[in-house]
J.: 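This is the structure I want to talk about, given as structure tokens.
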Amino acid sequence: MIEHANCQARIREVLKNSPVFGQLDDTAFDQFVDSLTCLSVTGGTRVLLEGEESNSVIIVLSGRLRVWREASDGKYMLYNEIGPGESIGEAGMILQQNRTANVTALRDSLLAVLSRVAFETLLTKQPLAINRVFSQSLYNYLRHSTQSNPGRTCKSYTVIPLHPDCGANTFAESLVRAFLSSGSAQHLRFSSEHRPMASEFSFEEEISHLDQLEKENNFLVLETQAEFSPWILKAVHQSDQIIFVAAGHADSRISELEYRLAQVPGFEMKRKHLVLLHPENATQPSAIAPWHVGRDVERIYPLRKDNPDDFAHLARFLTDSAVGVVLGGGGARGFAHIGVLKALEEAKYPIDLMGGNSMGALIGAQYITGVPLDEICERTRAFALGGEIPTLPFVSLLSGRRMERDLKRMFGDSTLDNLWRPFFVAACNLSQANTIVQDSGELWRAVMASNSPAGLLPPIVHKGDLLVDGAILDNVPVAAMRARLGTPLEKRHGNGTIIAVDVDVRDELNVSSNITRLTAWGAFKAYMKVGKDRPPGIGDILYRAGHIGSMQQRVRTKAMADHYLQPPVAGFPLMGYRQAQAIVEAGYRYAASEIELWNSR
């Protein structure tokens, strides 16, 4: 246990800045502090056990805790983190319920403990004040809210090289530079040569030393060596997240170091990432898929050395502030996406990951592979006007062979999982009656599936299933983006920013009241007519049938996005590909105006 005087001082410092406990008047606050005892725990220690009696409240003074449960299949279900100034256990103690989850120390931590006996004694002395703060705490718990101390925002990251000479030192320095754009950051080396913590420090003194560094910085980057040692364990115990680093061309098999770290208590609770370093002039990442085999990592990031944009991209993911852009389908109206992307570029909005459906997938795939916006416009216009070969209508009206040929030429052998930035394509799986999100495999094939409306073009065969344009169920796949921005540990709204672009206009689809039946002859004559009185043809009918599901869930889709853009493209025809430049300009003017509003809020 830490000395009583030091414990009291630490408790006072943390709780005075707490939005909940800091509300107590001086007398109640002093009595509350006197009722708490300090407990120091090493990283990996289980602090609370699911099912046991709720006989105490835990308040984090320094360090971090993880809430988790074990599923019936033995897998861990990882929930929220508890940081300095936050508490856990009050709901169970007040409601007299057993613990509903396990709580483990993610890192070496200093805790304040309020026992049930002490709580009940406080209630007799300060019933109104104590009831008020614990009611607020319980309210936060039921709302899945937090009571975090806004002044304690430092996060620590341990950098672990998987093999010597992979560039971990320069990587750590580049990461610190990326963090500096968001706050103060410090680079610490944990090895026998570099001793950021004196070996004669007591446990509590080491926590206090790190606590002081956290007060002075927003980010700590702890660099280790490619060997299992007491120093790497010390760094792991003091970190919130783990970043493995390897050269992109290295052997992808799991190393002995990874095997040994996996046995460290609490290691499975930490967020883990893998960075594959490439030369600064690399044009394409090395194969990423082999690195996924057998690894429990949140994401794999291919980065180029000394590339500030790549490291800024990584830093945003590590701090849950990445920006994802989702582009929906809508025929020629999808050219507005190009204008939106131009406006985002001019406003210096980064794009860390992208997803799309139909026309949005076609434009997004070109953008994510580095094609300039002007060239995207010309290439897409030529592609759309390329025509298609009719076929015997046993599977579809058109053969799709010309589209397949041109998409292969456009994307070559590029694959979805070998890009510098993550990209996914949505489609509708007719076989499984759901939306499928493709983020691996051939890029051209995924874009083809997303641009194959049922009935017009043949479905794309994917592992025995039939894939068509995703607009049947989800034209603007925001849900898929939200899942990718949320960490596998905490699927919460608010991890990063989603910008969704919806160009799907709900055109009128009705006929004159004196028409009682649609006929082939009537449809043929309609080709000679223009205006609202023109009866719908097969293309109009198939398009509406293919979009009706996503139209029904538009309200839900909007709610999941942080910014939902709907460029004014209703005045452009669905097949107006020759008006591409005008549609681009409409999207640009609209997006530029909306971005100004975002920045003014």
J.: So, Thr42 and Asp108: side-chain donor and acceptor under 3.5 Å apart, yes or no?
T.: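 Thr42 vs Asp108: no donor-acceptor pair found between side chains.
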J.: Answer with yes or no whether the side chains of Thr435 and Asp474 bring together a donor and an acceptor at under 3.5 Å.
T.: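 Looking only at side-chain atoms, Thr435 and Asp474 do not form any donor-acceptor pair under 3.5 Å.
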J.: Please name the pair of heavy atoms, one in Ile338 and one in Cys377, separated by the smallest distance, quoted to 0.1 Å.
T.: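 The pair with the smallest heavy-atom distance is CD1-CA, 3.6 Å.
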J.: Do Phe423 and Tyr367 have their ring centres less than 6.0 Å from each other?
T.: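 Between Tyr367 and Phe423, which both carry aromatic rings, the centre distance is not below 6.0 Å.
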J.: Are there over 12 heavy-atom neighbours, none belonging to Asp251, within less than 6.0 Å of that residue's CG?
T.: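 Enclosed: over 12 neighbouring heavy atoms sit under 6.0 Å from CG of Asp251.
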J.: Salt bridge or not for Arg421 and Asp309, using N-O below 4.0 Å?
T.: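 Not counted as a salt bridge, because no side-chain N and carboxylate O are separated by less than 4.0 Å.
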J.: Could you please spell out the steps behind the side-chain contact (heavy atoms from CB on, under 4.5 Å) verdict for Ile242 and Val297?
T.: CA-CA 9 Å; Ile242 305 297; Val297 293; over 6 Å; no
J.: Are any of the side-chain heavy atoms of Ile243 and Leu318 separated by less than 4.5 Å?
T.: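 They are in side-chain contact.
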J.: Determine whether Leu188 and Glu223 make a side-chain contact, defined as any pair of heavy atoms from C-beta on separated by less than 4.5 Å.
T.: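 No - every pair of side-chain heavy atoms lies 4.5 Å or more apart.
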J.: Between Asn307 and Asp310 (side chain of the first, backbone of the second, donor and acceptor by atom type, cut-off under 3.5 Å), is there such a pair?
T.: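 Present.
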J.: With a 4.5 Å cut-off on side-chain heavy atoms, are Leu162 and Leu274 touching?
T.: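 Touching, per the 4.5 Å side-chain cut-off.
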J.: Check this for me, if you would: do Lys155 and Asp320 make a salt bridge, where the nitrogen-to-carboxylate-oxygen distance has to be below 4.0 angstrom?
T.: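 Salt bridge flag = no for Asp320 with Lys155.
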J.: If you apply the rule side-chain contact (heavy atoms from CB on, under 4.5 Å), what do you find for Leu419 with Thr369, and how did you get there?
T.: CA-CA 7 Å; Leu419 303 169; Thr369 53; 3.9 Å; yes
J.: Looking at every heavy atom in both Ser62 and Pro84, which two are closest together, and how far apart are they?
T.: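 Scanning both residues, the minimum pair turns out to be CA-CG, 4.3 Å.
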J.: Locate the shortest heavy-atom distance separating Gln438 from Leu416; write the atom from each residue and the value.
T.: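 It is O-CD1, 3.6 Å.
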J.: Centroid-to-centroid, Phe244 to Trp291, below 6.0 Å?
T.: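 Between Trp291 and Phe244, which both carry aromatic rings, the centre distance is not below 6.0 Å.
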J.: Can you find a side-chain donor-acceptor pair between Trp68 and Thr104 that sits under 3.5 Å?
T.: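 Present: a donor and an acceptor within the cut-off.
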J.: Where do Leu78 and Met269 land on the side-chain contact (heavy atoms from CB on, under 4.5 Å) test, with the steps shown first?
T.: CA-CA 7 Å; Leu78 306 177; Met269 303 293 170; 3.5 Å; yes
J.: Mind checking what makes salt bridge (charged side-chain N to carboxylate O under 4.0 Å, His left out) contact with Arg12, not counting sequence neighbours?
T.: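 With neighbours one apart ignored, the set is Asp30.
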J.: Name all residues meeting the ring pair (Phe, Tyr, Trp, His ring centres under 6.0 Å) criterion together with Tyr259; count only those two or more places apart in sequence or in a different chain, and write none if there are none.
T.: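 For Tyr259 there are no ring pair (Phe, Tyr, Trp, His ring centres under 6.0 Å) partners, ignoring immediate neighbours.
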J.: Against the six-membered ring of Tyr588, is Lys342 placed for a cation-pi contact (under 6.0 Å from the centre, within 45° of the normal)?
T.: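 Lys342 over Tyr588 ring: yes.
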J.: With sequence neighbours excluded, what pairs up with His187 under the ring pair (Phe, Tyr, Trp, His ring centres under 6.0 Å) test?
T.: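 With sequence neighbours excluded, His187 shows a ring pair (Phe, Tyr, Trp, His ring centres under 6.0 Å) to no residue whatsoever.
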J.: Only counting residues at least two apart or in another chain, list the ones meeting ring pair (Phe, Tyr, Trp, His ring centres under 6.0 Å) with Phe171.
T.: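 Once residues adjacent in sequence are excluded, the partners of Phe171 under the ring pair (Phe, Tyr, Trp, His ring centres under 6.0 Å) criterion are Phe311.
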J.: Under a plain distance cut-off of 3.5 Å, with no hydrogens placed, do Thr380 and Gln366 share a side-chain donor-acceptor pair?
T.: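 On atom types as modelled, these side chains qualify, holding a pair under 3.5 Å.
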J.: Taking the six-membered ring for Trp and the full ring for Phe, Tyr or His, determine whether the centres of His273 and Tyr301 are under 6.0 Å apart.
T.: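 When the ring centroids of His273 and Tyr301 are compared, they turn out to be within the sub-6.0 Å range.
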J.: Are side-chain heavy atoms of Leu111 and Val47 found at a separation under 4.5 Å?
T.: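 Contact flag for Leu111/Val47 side chains = yes.
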J.: Hey, does the side chain of Lys272 reach the backbone of Lys270 with a donor-acceptor pair shorter than 3.5 angstrom?
T.: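 Confirmed, Lys272 side chain pairs with Lys270 backbone.
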J.: Does a donor on one side chain sit under 3.5 Å from an acceptor on the other, for Glu258 and Ser255?
T.: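 Yes - a donor-acceptor pair under 3.5 Å links their side chains.
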J.: Within the distance-only criterion (no hydrogens, no angle test), does the side chain of Ser450 pair as donor or acceptor with the backbone N or O of Ala361 below 3.5 angstrom?
T.: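 No, because the side chain of Ser450 does not come within donor-acceptor range (under 3.5 Å) of the backbone of Ala361.
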J.: Is there a side-chain contact (heavy atoms from CB on, under 4.5 Å) between Ile351 and Leu341? Walk through the geometry before answering.
T.: CA-CA 9 Å; Ile351 298 178; Leu341 292 172; 3.8 Å; yes
J.: Using a strict threshold of under 4.0 Å (side-chain N to carboxylate O), is an ion pair present between Arg589 and Glu596?
T.: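 Between Arg589 and Glu596 there is no salt bridge, as every charged N stays at least 4.0 Å from the carboxylate O atoms.
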J.: In this structure, are over 12 heavy atoms from other groups packed under 6.0 Å from Asp165 atom CG?
T.: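 No, the 6.0 Å shell around CG holds no more than 12 heavy atoms from other groups.
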J.: Between Arg304 and Glu280, does at least one N-O distance fall below 4.0 Å, as a salt bridge requires?
T.: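 Salt bridge: no.
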J.: Please name all residues satisfying ring pair (Phe, Tyr, Trp, His ring centres under 6.0 Å) with His237, sequence neighbours left out, ordered by chain then number.
T.: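 Expected list: none.
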J.: Do the side-chain N and O atoms of Tyr564 and Asp502 include a donor-acceptor pair separated by under 3.5 angstrom?
T.: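 Side chains of Tyr564 and Asp502: pair found under 3.5 Å.
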J.: In a check of side-chain contact (heavy atoms from CB on, under 4.5 Å) between Leu48 and each of Ile88, Leu65, Asn102, which one passes?
T.: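 By the side-chain contact (heavy atoms from CB on, under 4.5 Å) criterion, Leu48 pairs with just one of Ile88, Leu65, Asn102: Ile88.
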J.: Report the residues that fulfil salt bridge (charged side-chain N to carboxylate O under 4.0 Å, His left out) with Lys558, sequence neighbours left out, ordered by chain and then residue number.
T.: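 Scan of Lys558 (salt bridge (charged side-chain N to carboxylate O under 4.0 Å, His left out), adjacent residues dropped) gives none.
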J.: Would Arg107 and Asp240 pass as an ion pair if we require N to O under 4.0 Å?
T.: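 Looking at Asp240 together with Arg107, the answer is yes, because their closest N to O distance falls below 4.0 Å.
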J.: Given the ring of Phe424, does Arg484 sit roughly above its face, with NZ or CZ under 6.0 Å from the centre of the six-membered ring and within 45° of the axis?
T.: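 Yes - Arg484 lies over the ring of Phe424, closer than 6.0 Å to its centre and within 45° of its axis.
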